[in-house]
There are 2 protein chains.
Amino acid sequence: MKSSETREKIITALDTLYYERGFEATSFADVAEIVGISRGNFYYHFKTKDEMLDAVIERRILERTAMLDGWIDAGQSPKQCVASFIRILLMNNQKIRSYGCPVGTLFSELSKLNHPGESGARELYDLFRVWLKRRFEAMGKSDDADALAMHILARSQGAASLANAYPDEPFLEQEVQQMLAWLDAIADGMQIKT
Amino acid sequence: MKSSETREKIITALDTLYYERGFEATSFADVAEIVGISRGNFYYHFKTKDEMLDAVIERRILERTAMLDGWIDAGQSPKQCVASFIRILLMNNQKIRSYGCPVGTLFSELSKLNHPGESGARELYDLFRVWLKRRFEAMGKSDDADALAMHILARSQGAASLANAYPDEPFLEQEVQQMLAWLDAIADGMQIKT
DNA sequence: ATGCAATTAGGACAATTGACCTAATTAATC
DNA sequence: GATTAATTAGGTCAATTGTCCTAATTGCAT
């Protein structure tokens with residue numbers, strides 16, 4: 001089997017386990033069993049565990065970038081783009097209820113561990129932040145584009161956190177509707193401070 | 001030294017370390033050094049590590065209950081009470097920037113670990129949720145008191161998460177101001193959907 | 001088929017973990 | 001002051017962790 005194939009399979013398994021169980025709680029034995037390779041084989045593809053984390057973060061960044069820019073390329077308006085971002089919460093409904101937000105929970109864990117990968121996890125935040133900022137700028141909200149981006153990012157984070165804590169309630173759907181209503185108000189140029 | 005004193009000192013150290021480093025990452029060796037006792041001594045006061053977690057959660061519940069009800073006893077109006085809740089983010093400004101929300105980050109970690117203490121962590125959420133709900137009811141918002149409580153809880157969570165990710169920015173203060181403005185609008189009976 | 005490099009398997013390593021045990025020390029009671 | 005109970009210290013244990021090392025296997029070019 002080609003080296004890159006195994007490597008990709010490892011990253012895929014790590015990506016899932018880091019999300020579902022957390023970074024620290026994911027051991028080589030777990031991944032080895034899932035991928036179907038021996039533990040010693042890891043160190044042919046990665047030097048250390050930290051290097052694996054970097055690889056996972058790098059892939060997440062690429063995937064998210066493709067998703068976000070895909071919406072632009074599909075011809076969505078800036079407002080439609082932001083709406084699509086908000087609706088990520090519904091797209092990943094089940095997973096978010098089970099494991100929270102992949103970005104927020106990873107950052108939180110690495111932050112507490114004082115792990116060097118924290119900066120990589122922040123890049124994931126930045127990816128969404130900057131992309132949202134550009135959309136708001138395109139909506140004519142240049143002055144507070146970054147503030148609006150941070151605001152909707154925070155709202156999404158909070159909604160994901162509570163959906164995780166109360167997975168059996170229709171809270172997430174309601175919160176998404178409120179965010180979409182907020183977006184409408186913003187787009188119409190109304191002076192609603194929320 | 002009395003048994004209860006040592007026990008309380010252990011819980012205090014655990015409380016801090018669980019918050020700053022996380023539950024799993026906190027080892028007996030760490031706490032022993034901080035408290036100034038031997039590792040073996042733990043098991044005179046607690047049977048297992050899980051029992052220590054329960055003790056920490058129990059104390060946190062008592063402390064938060066005292067804080068919340070203290071505002072009521074101090075004669076704050078329901079609206080003032082909710083405002084005080086929102087301002088917790090500013091009271092604990094530095095710690096939140098460094099370690100995020102103590103409730104949210106603990107729940108997230110225990111949830112990923114499939115740890116039995118997850119239910120205890122959810123009780124902490126419930127504590128705030130129910131208390132907020134009662135305040136909104138007292139404000140005459142009986143119909144959607146719980147929804148309002150969940151909403152402001154989520155906003156706070158999200159604000160804390162992003163303040164943790166971007167600790168050097170004035171984002172938290174801005175978000176608090178927006179939440180207080182939202183509270184004003186709610187209290188005035190306006191129809192602002194946010 | 002043969003030789004060589006790429007890839008994998010599996011064991012060994014030291015370090016750390018939560019847990020347990022027993023002896024020593026302290027505090028309290030008579 | 002002697003006896004007993006409460007509290008603490010420190011060592012030991014098995015299990016797990018990330019890491020490393022070497023031999024075996026695979027795939028590919030000649």
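Per chain, numbering begins at 1; letters A, B, ... match sequence-line order. Every heavy atom of this structure was used, including side-chain atoms; hydrogens, water molecules and symmetry mates were not.
For dT8(C), the OP1/OP2 oxygens have no side-chain nitrogen or oxygen of Tyr44(A) closer than 4.0 Å. Put simply, Thr48(B) has no side-chain N or O that comes within less than 4.0 Å of OP1 or OP2 on dG18(C). Residue Ser38(A) has no polar side-chain atom (N or O) positioned under 4.0 Å from OP1 or OP2 of dG10(C).
Atom CD1 of Ile10(A) and atom C1' of dT7(C) are 11 Å apart (whole Å). Per the geometry, CZ belonging to Phe42(B) stands 16 Å off C1' belonging to dG11(D), to the nearest Å. Residue Phe23(B) contributes atom CZ, which lies 12 Å from atom C1' of dT17(C) at whole-angstrom precision. dC13(C) atom P lies 17 Å from atom OH of Tyr43(A), rounded to whole Å. The CD-C1' distance, from Glu24(B) to dT16(C), rounds to 13 Å in whole Å. Separating the CD1 atom of Ile37(A) from the C1' atom of dA6(C) is a distance of 15 Å, rounded to the nearest angstrom. Distance NZ (Lys49(B)) to P (dT16(C)): 15 Å, rounded to an integer number of Å. Distance CD (Glu5(A)) to P (dG27(D)): 11 Å, rounded to an integer number of Å.
Between Arg122(B) and Glu118(B), at least one side-chain N (NZ, or NE/NH1/NH2) sits under 4.0 Å from a carboxylate O, which counts as a salt bridge.
Comparing Lys47(A) and Ala25(A) against DNA chain D, the residue whose closest nucleotide sits nearer the 5' end is Ala25(A).
Phe28(B) and Phe46(B) have their aromatic ring centers separated by at least 6.0 angstrom.
Using a 30° and 60° split on the angle between ring planes, His151(B) and Trp182(B) fall in the tilted class, from 30° to 60°.
Distances from the side chain of Ala29(A) to the nucleotides dT8(C), dT17(D), dA9(D) place dT17(D) closest. In this structure, the nucleotide among dG18(D), dT8(D), dT12(D) sitting nearest to the side chain of Arg39(B) is dT12(D). Here dG18(C) is the nucleotide among dG18(C), dT8(C), dT17(D) with the atom lying nearest to any side-chain atom of Ser27(B).
Considering only heavy atoms from C-beta on, Asp50(A) comes within 4.5 Å of His115(A) through its side chain.
Using modelled atom types and a 3.5 Å distance limit, the side chains of Ser27(B) and Asp30(B) yield a donor-acceptor pair.
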